[in-house]
There are 4 protein chains.
Amino acid sequence: MRTKNEQRPQEIIDVVAHMVIEEGISSIAMGKVAKRTGISQSNIYLYFKNKDDLLKQVFLAQKAKMSDYMRDHFSEQPGAIANMKLYARIIYQFAIENPVAMDVITQYENSPIFAQIDISAEEAEMDFDRVTVLVKQGIADGIVRDTDPYVLMAIAFDTLVRYAKSVRDKIVDPIQVPLETILDILEAAWLAPKNR
Amino acid sequence: MRTKNEQRPQEIIDVVAHMVIEEGISSIAMGKVAKRTGISQSNIYLYFKNKDDLLKQVFLAQKAKMSDYMRDHFSEQPGAIANMKLYARIIYQFAIENPVAMDVITQYENSPIFAQIDISAEEAEMDFDRVTVLVKQGIADGIVRDTDPYVLMAIAFDTLVRYAKSVRDKIVDPIQVPLETILDILEAAWLAPKNR
Amino acid sequence: MRTKNEQRPQEIIDVVAHMVIEEGISSIAMGKVAKRTGISQSNIYLYFKNKDDLLKQVFLAQKAKMSDYMRDHFSEQPGAIANMKLYARIIYQFAIENPVAMDVITQYENSPIFAQIDISAEEAEMDFDRVTVLVKQGIADGIVRDTDPYVLMAIAFDTLVRYAKSVRDKIVDPIQVPLETILDILEAAWLAPKNR
Amino acid sequence: MRTKNEQRPQEIIDVVAHMVIEEGISSIAMGKVAKRTGISQSNIYLYFKNKDDLLKQVFLAQKAKMSDYMRDHFSEQPGAIANMKLYARIIYQFAIENPVAMDVITQYENSPIFAQIDISAEEAEMDFDRVTVLVKQGIADGIVRDTDPYVLMAIAFDTLVRYAKSVRDKIVDPIQVPLETILDILEAAWLAPKNR
DNA sequence: AATGAATGAGTGTTCATTCAT
DNA sequence: AATGAATGAACACTCATTCAT
């Protein structure tokens, strides 16, 4: 028998990820994927059950990339705010280093296709868990603003993603508005009122 | 004699906007649009050059709706922060009152379709112009944090959109985290450090 | 607007009927149908909801052909046996004159595809109704063998179909075994034992 | 050493026969066959030249089953009619005991696939040979109706097959219309007119 | 102006068969 | 001998768009 080409599924996923940011999820077509990867259309079905499965795998691969990146770079800091800042910093770094992955993730999360594809909730949710515990501690200690940690983290996430994208698209100049400024803004937003 | 035809394009746009949030941009089909509007398929081409044009008009219509809403509800307040808060409040109100329009806007802005369809940059950009002047004044007065106004307004925009969506999706409870809390957070983010 | 080509659906049905006897139901493909009719594949869907619908219409058209033929040629005779013989004769004549229709009908009725396609029972059932009443009368009069009329008619139907097919395929020589012989055999089978 | 391989072709044939009556010839797919038998898809081609060959072997196997059954159960009786009745009885019994085989046979014989697959005429023809000799003797003796023996036997065959199927499908109640009635009908059909 | 008819290109998916080991 | 990998051709069906009136 022929030996299996082990890298192929990953290769396909990578190609589709690029196609997603180039043309959008909605115009991903199995035929185009085949053409871009140079394998026959029917062959894609050896690795993926169907188109939905392929799209799901593409999304999960990017999520995994981000999770791995976070795991590799995050280490607990002294103080809730320091942890939150580190978290934000890592997201930015990831967005800069992996623009494709980041774009794919945000595009999926804003697409109704995403809702149709059956992705279990835990797979889909932003992985705020680890830092959320620390945020809660910060709130208990009176350092962090006493409100839903999800809201605080979401603000950070959205802001960093937008910032990274703006920098990439040259809408914002990172010299004039460096990452540190964004982190300062977020710190101000996070801090408990009495702590200012 | 008022002809029915002049309403038709708007009617089609409204229908498509609803279809976009129901099924996503990708599954908009001219045939379905024809069926939903009761207009013959070929007739759509009397009002729109092609599908891309239709989708573009749909997007621009929602943008216009938001601009109109802003114009109708915004009135200059004393103090930069008050203006910014009002601006944020209006965005939230619009998102709540016009979920379809808001969804369409964010869906488009996160999709490369957006880039492919020929929309001139000024049409696409968030219309921060009016409040931007006031923000700049606030910065000059030393009240508002001295950084790119676009960044400050984008944080507000993204945060409110996410908040409105989270409320709608019941991820965030508006009783526990009321709009005022979000505005407080934004105020903290906006204020010049020395003003805290 | 273009004027509708009214004959097209019928034309398609005729072509498919011929394809059925040439290649079998199972190898009917929309692409082949399109090629044979000379219209574009997508156009078939203007006239038929889908392939199942097309196959169903093809079958029903042949059934209708047979029903019409029976209606046009059957007239009540004096005596049950005379009626049954006339019925048998008409079936034979129809099979000879409409070999395609007859083949399609028998092929459908022996195919599991037939079961999958949703054809209401009354549409599918052999139309023995009219003659059945007369057979029952014959039984009541003691002329016809006292058993299920369906069985008696089915024997006639199967026998005539086989006979017509055998004649066509030159397995049986109609000079040596004329239709009258078959009818004699059937008469013997039908007659009540005491009437012999 | 008995190798497993020699049973494999037969095993495949049996599986396909069942699939034929479950889903019809048309939906037999080599992939499905492989899955059902647990043999790898490409391995089927070790035993069968191609799909047509497989289908042909399936058909011939059922024919052989019927021939064997006939050989095992038929024994010459005194009197032509007795022989013919026994023949008919055996066909019925076979149809009841081997519905799969019987269904496959009739499904094939009513399909042009049958004609396309290269099956030599003698393989395909109903094997009336043995009893035909006896029928001819009956005709010579003036007991059996003087006509083509093939016609007489075909009537019996078709009638029994239809009867068995009707009983199975509960269209005919075997209590109300027992096999003996069918045999009586056939006897009446067979007998030379003067012998009634 | 208005529209039903028409279609070629494309959609996702399955399939019989061959290849390479 | 045995089999997983691979594929081109086909499958049913949809679509954006144009045509003819």
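Numbers restart at 1 for each chain; the letters A, B, ... are given by sequence-line order, proteins then strands.
When all heavy atoms of Phe48(A) and Ile13(A) are compared, the pair lying nearest together is CZ-CG1, 3.8 Å. The shortest heavy-atom contact between Gln62(C) and Val104(C) is CG-CG1, 3.6 Å.
A straight line from CG of Asp53(A) to C1' of dT13(E) spans 14 Å, rounded to a whole angstrom. For the pair Phe48(D) CZ and dA2(F) P, the interatomic distance rounds to 14 Å; values are reported in whole Å. Between the CD1 atom of Ile44(A) and the P atom of dG12(E) there is a distance of 9 Å, given to the nearest Å. Between Leu46(A) atom CG and dT13(E) atom P the separation is 14 Å, expressed in whole Å. Look at CD on Gln7(C): it is 11 Å from P on dA6(E), rounded to the nearest Å.
Phosphate proximity of dT3(E) to Arg8(B): present, with a side-chain N or O under 4.0 Å from OP1 or OP2.
Screening Lys56(A), Gln57(A), Lys49(A), Lys51(A) against Asp53(A) for a side-chain hydrogen bond (donor to acceptor under 3.5 Å, both in side chains) leaves a single residue, Gln57(A).
Asp68(C) is linked by a salt bridge (Lys or Arg N to Asp or Glu O under 4.0 Å) to Arg71(C), counting only residues two or more places apart in sequence or in another chain. Arg36(B) meets the salt bridge (Lys or Arg N to Asp or Glu O under 4.0 Å) test with Glu22(B); sequence neighbours excluded. By the side-chain hydrogen bond (donor to acceptor under 3.5 Å, both in side chains) test, Gln41(B) pairs with no residue at all, sequence neighbours left out. Every side chain to side chain contact (heavy atoms under 4.5 Å, CB included) that Lys32(D) has, sequence neighbours left out, goes to Met19(D), Glu23(D), Ser27(D), Ala29(D).
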How is the base pairing of DNA chain E summarised as a dot-bracket string, given the Watson-Crick and G-U wobble criteria with both distances under 3.5 Å, [ ] for crossing and | for another strand? .||||||||||||||||||||
Its contact letters, B for base, S for sugar-phosphate only and - for none at protein heavy atoms under 4.0 Å, make nucleotides 10-15 of chain F read -SBBBB
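Not a single donor-acceptor pair under 3.5 Å links the side chain of Tyr108(C) to the backbone N or O of Val58(C).
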